[in-house]
Protein chains: 2
Amino acid sequence: MTEKIRVMLVDDHDMVRKGLKAYLATEESIEWVGEASSGNEAVRIFAALNPEIILMDLIMEDGDGIEATKQILTQDPSKKIIILTSFYDDEQVFPAIEAGAMSYLLKTASSDEIIETIYKAHRGKTVIDGKVAQKLVSGMHRNRPFDQLTTREKEVLQLIAEGKSNAEIADLLFIGIKTVKTHVSSIFSKLEVADRTQAAIYAFQNHLFTKHN
Amino acid sequence: MTEKIRVMLVDDHDMVRKGLKAYLATEESIEWVGEASSGNEAVRIFAALNPEIILMDLIMEDGDGIEATKQILTQDPSKKIIILTSFYDDEQVFPAIEAGAMSYLLKTASSDEIIETIYKAHRGKTVIDGKVAQKLVSGMHRNRPFDQLTTREKEVLQLIAEGKSNAEIADLLFIGIKTVKTHVSSIFSKLEVADRTQAAIYAFQNHLFTKHN
DNA sequence: TTTTTTCTCCGTCCCATGACGGATCAGAAA
DNA sequence: TTTCTGATCCGTCATGGGACGGAGAAAAAA
């Protein structure tokens, strides 16, 4: 029999860790080398555990999965990381792929799919969940109006989304109110919204300034 | 030895179901009678499984946990339902308790806590997760400014949060623009915000109109 | 090089917005 | 009954917000 595949899990749900551990124990060719309950903990201990494959949750209290993925791959690019997240959180897919994750599964995936994905990752093959893949292709040619904004306009939009007035924005950016109004008008036409309130709503609905951009 | 406690799990994550099942199998006095992958499925099959305790996830694709909790307890009030959710989703705690759930756990809870909660629920004792409890007490005397709003004002605020102008709101509610402005001003003073944009931001940050209210 | 595009900046004009005051009506408390 | 409180409604008025036009500078294209 060949060498076992060394697998590590990073998830802040104890029951998920205990559960997946118990389930993977039934697989002869998989060896459970350890687990971490947060992204930061994973970065600290993965080298000692020396897993070949890391199952990584995204949303965790202490250090998110994307950051942990980056750091781990920086230290050891040979690690194969499978993202295993609860929801296809809108625009977390791109950052995860960019961070170097090999596969992207939803927790709604069946246990068999997870095992299959582990084997495929072991052979260097990528698996992307169907729903996530749809997001990807629709987002590939992402003509997001937001990306049409200039640097200055993005700054202004963020301040709008924080509830700032034009005068406040002018003070914060050390420019005239009239100039702010120009940027604001430009933002409206690019985002195809009518006023600053709709622009702020757009920012919130697209999670623009809540995470990494 | 006494009768085993009959337990059923409702969760749309296959790995959580398989995992918890494997883990609970180590408990002598707990019997796993079945599982459902959605709220609606749970309502359909719980009677046949005849569990004593139901572990219920909240966020599911097909029929959420709160609705399922209500329906199950309507059919059989003797069932003891333990909410087992991923995040303390802001204001889902109240509806869950109102629906008749006996306990409220987070999935970050340790497996031992879950087992302990099952035993306590079996003896009729309620367990509320610490973080959730904090939310509860801070929410008990919930001086949320939002609750200070009148019915009409809530309607207006929702339309503001949808990006509507005063004129559009007037048309939608069949009242004059001046009247709308009065409501709008009243909303601002109660929410302690300066303009409609900040009001919309308030609505989004408090998840006001995204779920049941 | 010149030309064109783009980004950033500032000005003028008009209207929706929001502050303030007041009227009407309904229900509760005296 | 009267009184009081609060919800809903409409008026007047000053101002911030948004549309439009344009200038200078720098980068890209010719």
Side-chain angles (χ1 to χ4, degrees), chain A residues 141-206 208-209 212-213, chain B residues 141-206 208-209 212-213:
Chain A
H141 35 77
R142 54 177 184 177
N143 294 330
R144 286 203 307 174
F146 176 72
D147 297 316
Q148 299 285 335
L149 297 183
T150 68
T151 305
R152 203 55 158 172
E153 288 163 354
K154 288 179 184 175
E155 292 176 19
V156 173
L157 177 57
Q158 171 154 11
L159 293 174
I160 289 177
E162 291 174 4
K164 301 286 193 298
S165 70
N166 286 339
E168 290 173 323
I169 295 175
D171 286 344
L172 289 169
L173 299 182
F174 303 106
I175 54 179
I177 300 183
K178 332 296 178 73
T179 306
V180 175
K181 291 186 177 183
T182 304
H183 293 311
V184 170
S185 291
S186 176
I187 291 170
F188 294 164
S189 71
K190 288 182 180 177
L191 298 187
E192 294 179 349
V193 297
D195 51 44
R196 64 197 305 106
T197 302
Q198 291 184 5
I201 294 172
Y202 175 92
F204 271 85
Q205 288 181 336
N206 293 75
L208 251 31
F209 304 110
H212 359 68
N213 258 311
Chain B
H141 36 78
R142 51 180 187 176
N143 294 330
R144 285 203 310 173
F146 176 72
D147 297 316
Q148 299 284 336
L149 297 183
T150 68
T151 305
R152 203 57 159 169
E153 288 163 355
K154 289 179 183 175
E155 294 176 17
V156 173
L157 177 58
Q158 170 155 12
L159 294 174
I160 289 177
E162 291 173 5
K164 301 287 193 299
S165 70
N166 287 338
E168 289 173 324
I169 295 175
D171 286 344
L172 288 169
L173 299 183
F174 303 105
I175 55 180
I177 299 182
K178 333 295 179 74
T179 307
V180 174
K181 292 185 178 182
T182 304
H183 294 312
V184 169
S185 291
S186 176
I187 292 171
F188 293 165
S189 69
K190 288 182 179 177
L191 299 187
E192 294 179 350
V193 297
D195 50 44
R196 65 199 304 109
T197 303
Q198 291 184 6
I201 293 173
Y202 175 92
F204 270 85
Q205 287 181 336
N206 293 75
L208 249 33
F209 304 109
H212 359 70
N213 257 311

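In the text below, chain A, chain B and the rest are named by the order of the sequence lines, each starting its count at 1.
Between the CG atom of N166(B) and the P atom of dG16(D) there is a distance of 17 Å, given to the nearest Å. Spacing between atom NZ of K154(B) and atom P of dA7(D) amounts to 11 Å, rounded to whole angstrom units. Residue R152(B) contributes atom CZ, which lies 7 Å from atom P of dT8(D) at whole-angstrom precision. For I177(B) and dC13(D), the CD1 to P distance is 18 Å, given to the nearest whole Å. Separating the CD1 atom of I187(A) from the C1' atom of dG17(D) is a distance of 14 Å, rounded to the nearest angstrom. Here the P atom of nucleotide dC13(D) and the NZ atom of K181(B) are 13 Å apart, to the nearest Å. Computed from coordinates, the H183(A) NE2 to dA19(D) P distance equals 15 Å when rounded to whole Å. Rounded to whole Å, the distance from CD1 on I175(B) to P on dG11(D) is 13 Å.
In the 5' to 3' direction, nucleotides of DNA chain C lying under 4.0 Å from heavy atoms of chain A begin and end at dC7(C) to dT12(C).
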(request) Whenever both distances are under 3.5 Å in a Watson-Crick or G-U wobble pair, mark it; put DNA chain D into dot-bracket that way, with [ ] for crossing pairs and | when the partner is on another strand. (result) |||||||||||||||||||||||||||||.
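Formation of a donor-acceptor pair under 3.5 Å by the R196(A) side chain with backbone atoms of R196(B) is not found in this model.
Across all strands, T150(B) comes closer than 4.0 Å only to sugar-phosphate atoms, never to a base (heavy-atom distances). In this structure, S186(B) reaches neither bases nor backbone, as no heavy-atom distance under 4.0 Å exists between it and the strands shown.
The CD1 atom of I201(B) lies 8.0 Å from the CD atom of E162(A); values are rounded to the nearest 0.5 Å. Note that OG1 of T182(B) is 10.0 Å distant from NZ of K178(B), once rounded to the nearest 0.5 Å.
No N or O donor and acceptor, one from the side chain of K178(B) and one from the base of dG11(D), sit under 3.5 Å apart.
Within the 4.5 Å cutoff, no side-chain heavy atoms of K164(B) are placed close to those of D171(B). Put simply, the side chain of L173(B) reaches to within 4.5 Å of the side chain of V156(B), judged on heavy atoms. With contacts defined as side-chain heavy-atom distances shorter than 4.5 Å, the pair F188(A)/Q198(A) does not qualify. R152(B) places a side-chain heavy atom less than 4.5 Å from the side chain of I175(B).
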(request) Show the numbers, then the answer: is there a side chain to side chain contact (heavy atoms under 4.5 Å, CB included) between L157(A) and L191(A)? (result) CA-CA 10 Å; L157(A) 177 57; L191(A) 298 187; 4.0 Å; yes
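Along DNA chain D, the nucleotide nearest to D195(B) and the one nearest to G176(B) differ in position, and the one closer to the 5' end is contacted by G176(B).
With sequence neighbours excluded, the residues that form a side chain to side chain contact (heavy atoms under 4.5 Å, CB included) with I177(A) are N166(A), A167(A), A170(A), K181(A).
When the nucleotides dA7(D), dG11(D), dG18(D) are ranked by their closest atom to the side chain of R196(A), dG18(D) comes out on top.
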